[in-house]
Peer 1: 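Pasting a structure below so you can have a look.
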Number of protein chains: 2
Amino acid sequence: MATIKDVARLAGVAISTASAAINRSAPVSEDVIAKVEAAVRQIGYVPHGGARSLRMGQSRLIGLILPDITNPHFAKVAKVVESACLEAGYMDAVYSTSEDDDRERQILEMMRMQRVAGLIIIPTRSDAEHGARLAEQIHVPTVLLDSFVTGLPYDVIKLDNVTAGRLATEHLIGLGHRRIAVTTGRPNIITGEDRLRGYLAALEAHGIALEQRLLIEGRFDQATAHDATLRLLAEPDPPTAIFALSNMMALGVLNAVQEMGLSVPADLSVVNIDDFDFANIMSPPPTVVSAPVEQMAQRAIDTLLAEIRSKSAPTGKVELFEPRLIVRASASNLAR
Amino acid sequence: MATIKDVARLAGVAISTASAAINRSAPVSEDVIAKVEAAVRQIGYVPHGGARSLRMGQSRLIGLILPDITNPHFAKVAKVVESACLEAGYMDAVYSTSEDDDRERQILEMMRMQRVAGLIIIPTRSDAEHGARLAEQIHVPTVLLDSFVTGLPYDVIKLDNVTAGRLATEHLIGLGHRRIAVTTGRPNIITGEDRLRGYLAALEAHGIALEQRLLIEGRFDQATAHDATLRLLAEPDPPTAIFALSNMMALGVLNAVQEMGLSVPADLSVVNIDDFDFANIMSPPPTVVSAPVEQMAQRAIDTLLAEIRSKSAPTGKVELFEPRLIVRASASNLAR
DNA sequence: TCTTCCGGTCGAAACGTTTCGTTTTCCGGT
DNA sequence: ACCGGAAAACGAAACGTTTCGACCGGAAGA
């Protein structure tokens, strides 16, 4: 395969000159640039990324670590990041942790092996212990997306989850609901905790007592939300509404209701966080609290790129994005 | 950062011995292995991927190039490939072409720069010209997924698209439909062409004349299918059924029908290829022809890995997977 | 006219691995 | 006690870049 040596020989210049011409990293005369570029095209030269990263101490690779690429929410993030990277001359390596700590560790190790220039992480857990472990393994500019990990000095981009939780809950309360169940994620995931906090705040603001049985601990996935819904609706005095903390959990709830031969919103009102692309062909079109995913992702990659380029230390700033309530048809006035 | 040199010094052995111990690439005594591994752990040594790829001529990276990671169909492929790679000690770099030739070219160049060990491609086009261009840029083991590109010697894994098209169409015909529109992809995408071929075969087998106006050329996306549906349904003598060639196009059709205040399947029957995860909460639950995406992706990465390991030339074999008709509620008997 | 400086070019070193040919060590057989 | 040979360990070269100091010639300033 063609190397820069071949280019240099063909162009009749020194290797270092060819390098300078290709990268515009030092003054080179016009005609030499022309000759070098011609040579590059002629032999189809493509720089060796490995050699480059060896010499320069870091590669033009950016790592994106998220829970599950299969979730449309995260797929959107991946797409935005990819585009931005490509534009900036970087590649990105996307990895799904599947919410598994070991896997996250393994991925982080591969990232390190590739000497990635920077990292965007949506971590599996937000507790301090996990944060410490992460910090130990990470030695490059990093931006935390969606989730804040206590004790880590990195920049954070996330939704105002407390407000999101409050918005959803208050909408249901405004509709007359009092027994509102909520499907949460595992503890130690700040996203979930904050949304729950918003829920609790709304309840309290309206003088509604919290019922522990209505708090369902899941794993942000479809299955647990599905099962919990089945169980909850079979109880005496079932909830009249469910607030699902994520898109996947909402799908689980909706499925369960449908399986039981009940219907939304007649038998149960549902609100969730995260919009769906295909919302208008769902039955019913869901009322949701949506997050500006793409903008957040864009901000994350912009921040990271800036940090990489400026070689500046992370500011440790937390940037909040505002959620928005979109009223459709999955939540209705409580019939009495 | 720690290098293998540090490991060697700490373990009290030569660099080459440390390397052999780490990679098990040459006989090393038990106690030396133990010492080296201890040293690795102690200083947190992680090999430098770039240096490795420089020396070995290829990296432990596998490229996955697909149309759009945001499409759940492709996201599934990405997930399967990622898992398999990780298991085999590889990393994968996923890229979306957005059906753009230039972008595909740019991605391919980055892949080459990284000296990827292999490639899985779902190409944007299937014509010979494009194939030639591709072949020119690719110099590593490659597997073509979903799509066959004429003139390329690589292994191919794909759905039996002709049968898929026939299955869908025959189901509609069996329901009494005669005016069946079909939303296709751009020409030169073999996937679409084959599915269309199945449609035509089914029509012919049942003695139904083809109406050109019912052939809608799209780009496998939601928007074109949406617009076409709007137009088609406004015509005199509109189709009673639509066969959507992809999941995204089906979404477009469904949206359009819903917008017009009509309903599926009462006013229009719809069948499409590719199932939806959330099928049972769609209204109506769609009748589809589904493809075993995950199995196909697994087969693709297995084939690629085998090829990389054995350093054998590609067999150029085309492997077909069978589609399956799943009858739900979006297609019904034609009321007369 | 002599010096200074700068744009342009060059050569060589260094980055961290793996690999291959060579040397050392150790063992069993005579 | 010695030899032969296999197993284990070693040292050095090579992979393809970028970067840095050195060099050269010509223009500008004295």
Side-chain angles (χ1 to χ4, degrees), chain A residues 1-37 39-40 43-61 89 91 109-110 112-117 139 311, chain B residues 1-37 39-40 43-61 89 91 109-110 112-117 139 311:
Chain A
M1 197 154 291
T3 77
I4 199 173
K5 206 163 146 188
D6 304 316
V7 172
R9 186 173 336 123
L10 186 57
V13 299
I15 293 180
S16 53
T17 306
S19 173
I22 291 171
N23 301 301
R24 303 282 193 280
S25 53
V28 179
S29 67
E30 285 305 326
D31 61 328
V32 167
I33 289 188
K35 272 192 294 185
V36 168
E37 283 182 343
V40 165
I43 62 181
Y45 165 74
V46 176
H48 190 300
R52 221 178 224 179
S53 96
L54 174 57
R55 171 64 223 224
M56 306 210 292
Q58 67 163 42
S59 68
R60 295 188 73 80
L61 242 186
M91 284 187 78
E109 183 161 328
M110 302 217 78
R112 184 137 169 240
M113 192 174 318
Q114 294 300 327
R115 299 302 193 268
V116 293
H139 304 90
K311 283 165 189 156
Chain B
M1 196 153 294
T3 76
I4 199 173
K5 205 162 146 188
D6 304 315
V7 172
R9 186 172 336 123
L10 186 57
V13 299
I15 293 180
S16 54
T17 306
S19 172
I22 291 171
N23 301 301
R24 303 281 193 282
S25 53
V28 179
S29 67
E30 286 303 326
D31 60 329
V32 167
I33 288 187
K35 273 191 294 186
V36 168
E37 283 182 343
V40 164
I43 61 179
Y45 166 73
V46 176
H48 190 300
R52 221 178 224 180
S53 96
L54 173 58
R55 172 62 226 223
M56 307 211 293
Q58 67 163 42
S59 68
R60 295 188 72 79
L61 243 185
M91 284 187 76
E109 183 161 327
M110 302 217 78
R112 186 140 167 236
M113 193 174 318
Q114 294 299 328
R115 300 303 194 267
V116 294
H139 303 89
K311 285 166 186 154

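Every heavy atom of this structure was used, including side-chain atoms; hydrogens, water molecules and symmetry mates were not. Labels below follow one simple rule: chain letters A, B, ... track the order of the sequence lines, proteins then strands, and each chain is numbered from 1.
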Peer 1: If I take atom NZ from residue Lys35(B) and atom OG1 from residue Thr17(B), how far apart are they, to the nearest 0.5 angstrom?
Peer 2: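 Lys35(B) NZ to Thr17(B) OG1: 10.0 Å, rounded to 0.5 Å.
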Peer 1: How long is the line joining CZ of Arg60(A) and C1' of dT17(D), in whole Å?
Peer 2: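 Going from CZ in Arg60(A) over to C1' in dT17(D) covers 14 Å.
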Peer 1: Can you tell me the Watson-Crick or wobble partner of dT30(C), both distances under 3.5 angstrom?
Peer 2: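 Check on dT30(C): paired to dA1(D), both distances under 3.5 Å.
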Peer 1: For Arg24(B) and dT17(C), what is the distance between atoms CZ and P respectively, to the nearest whole Å?
Peer 2: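 Whole-Å distance recorded here is 17 Å.
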Peer 1: Indicate yes or no: at least one non-hydrogen side-chain atom of Arg52(B) is less than 4.5 angstrom from one of Met113(A).
Peer 2: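 Yes - at least one pair of side-chain heavy atoms lies under 4.5 Å apart.
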Peer 1: Distance check: side-chain N/O of Ser19(B) vs OP1/OP2 of dT18(C), anything under 4.0 Å?
Peer 2: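 Yes, because at least one side-chain N or O of Ser19(B) sits under 4.0 Å from OP1 or OP2 of dT18(C).
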Peer 1: What's the closest nucleotide to the Asn23(A) side chain, out of dC10(D), dG16(D), dT18(D)?
Peer 2: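 Nucleotide nearest to Asn23(A)'s side chain: dT18(D).
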Peer 1: Once hydrogens and angles are ignored, does a donor-acceptor distance under 3.5 Å link the base of dT18(C) to the side chain of Arg55(B)?
Peer 2: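 Answer is yes: a donor-acceptor pair is held.
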Peer 1: As a test of reading the structure: which of dT17(D), dA9(D), dT17(C) is closest to the side chain of Tyr45(A), going by heavy atoms?
Peer 2: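 Among dT17(D), dA9(D), dT17(C), the one nearest the side chain of Tyr45(A) is dT17(D).
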Peer 1: Between atom NZ in Lys5(A) and atom C1' in dA14(D), what is the gap in whole Å?
Peer 2: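 Rounded to whole Å, this separation is 10 Å.
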Peer 1: Work out which heavy atom in Gly50(A) is nearest to a heavy atom in Ser53(B); give both atom names and the distance.
Peer 2: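 Where Gly50(A) meets Ser53(B) most closely, the heavy atoms are CA-OG, 3.6 Å.
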Peer 1: Which is more 5' along DNA chain D, the nucleotide nearest Gly12(B) or the one nearest His48(A)? Just name the residue.
Peer 2: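 Looking at the nearest nucleotide for each, Gly12(B) comes out on the 5' side.
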Peer 1: Measure CD/Glu30(B) against P/dC26(C) and give the value in whole Å, please.
Peer 2: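 Rounding to the nearest Å, CD of Glu30(B) and P of dC26(C) are 17 Å apart.
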Peer 1: Using the closest heavy atom to pick a nucleotide of DNA chain D for each, name whichever of Ala51(B) or Met56(A) lands nearer the 5' end.
Peer 2: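 Here Ala51(B) is the residue nearer the 5' end.
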Peer 1: Between dA14(D) atom P and Met1(A) atom CE, what is the distance in whole Å?
Peer 2: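 Rounding to the nearest Å, CE of Met1(A) and P of dA14(D) are 21 Å apart.
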Peer 1: How far apart are the closest heavy atoms of Ala39(B) and Val7(B), and which atoms are they?
Peer 2: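 Smallest heavy-atom distance, with atoms named: CB-O, 3.8 Å.
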Peer 1: Are any of Thr17(B)'s side-chain N or O atoms less than 4.0 Å away from OP1 or OP2 of dA8(D)?
Peer 2: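 So the side-chain polar atoms of Thr17(B) never come under 4.0 Å of the phosphate oxygens OP1 or OP2 of dA8(D).
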Peer 1: Rounding to a whole Å, what distance do you find between Gln58(A):CD and dT18(D):P?
Peer 2: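 Atom CD in Gln58(A) sits about 13 Å away from atom P in dT18(D).
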Peer 1: Whole-Å distance between dC15(D) C1' and Ile4(A) CD1?
Peer 2: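 Value for this atom pair: 14 Å.
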Peer 1: Heavy atoms, side chains only, cut-off 4.5 Å: are His48(A) and Met1(A) in contact?
Peer 2: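 No; the side chains remain at least 4.5 Å from each other.
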Peer 1: Is it the case that dG11(C) (base atoms only) and Ser16(A) (side chain only) share a donor and an acceptor within less than 3.5 Å, ignoring hydrogens and angles?
Peer 2: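 It does, because a donor-acceptor pair links the side chain of Ser16(A) to the base of dG11(C) below 3.5 Å.
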Peer 1: Tell me: CE of Met113(A) to C1' of dT17(C), nearest whole Å?
Peer 2: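 Rounded to the whole Å, the gap is 13 Å.
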Peer 1: What nucleotide among dT17(D), dC15(D), dG11(D) has an atom nearest to a side-chain atom of Arg52(A)?
Peer 2: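 Closest nucleotide to the Arg52(A) side chain: dT17(D).
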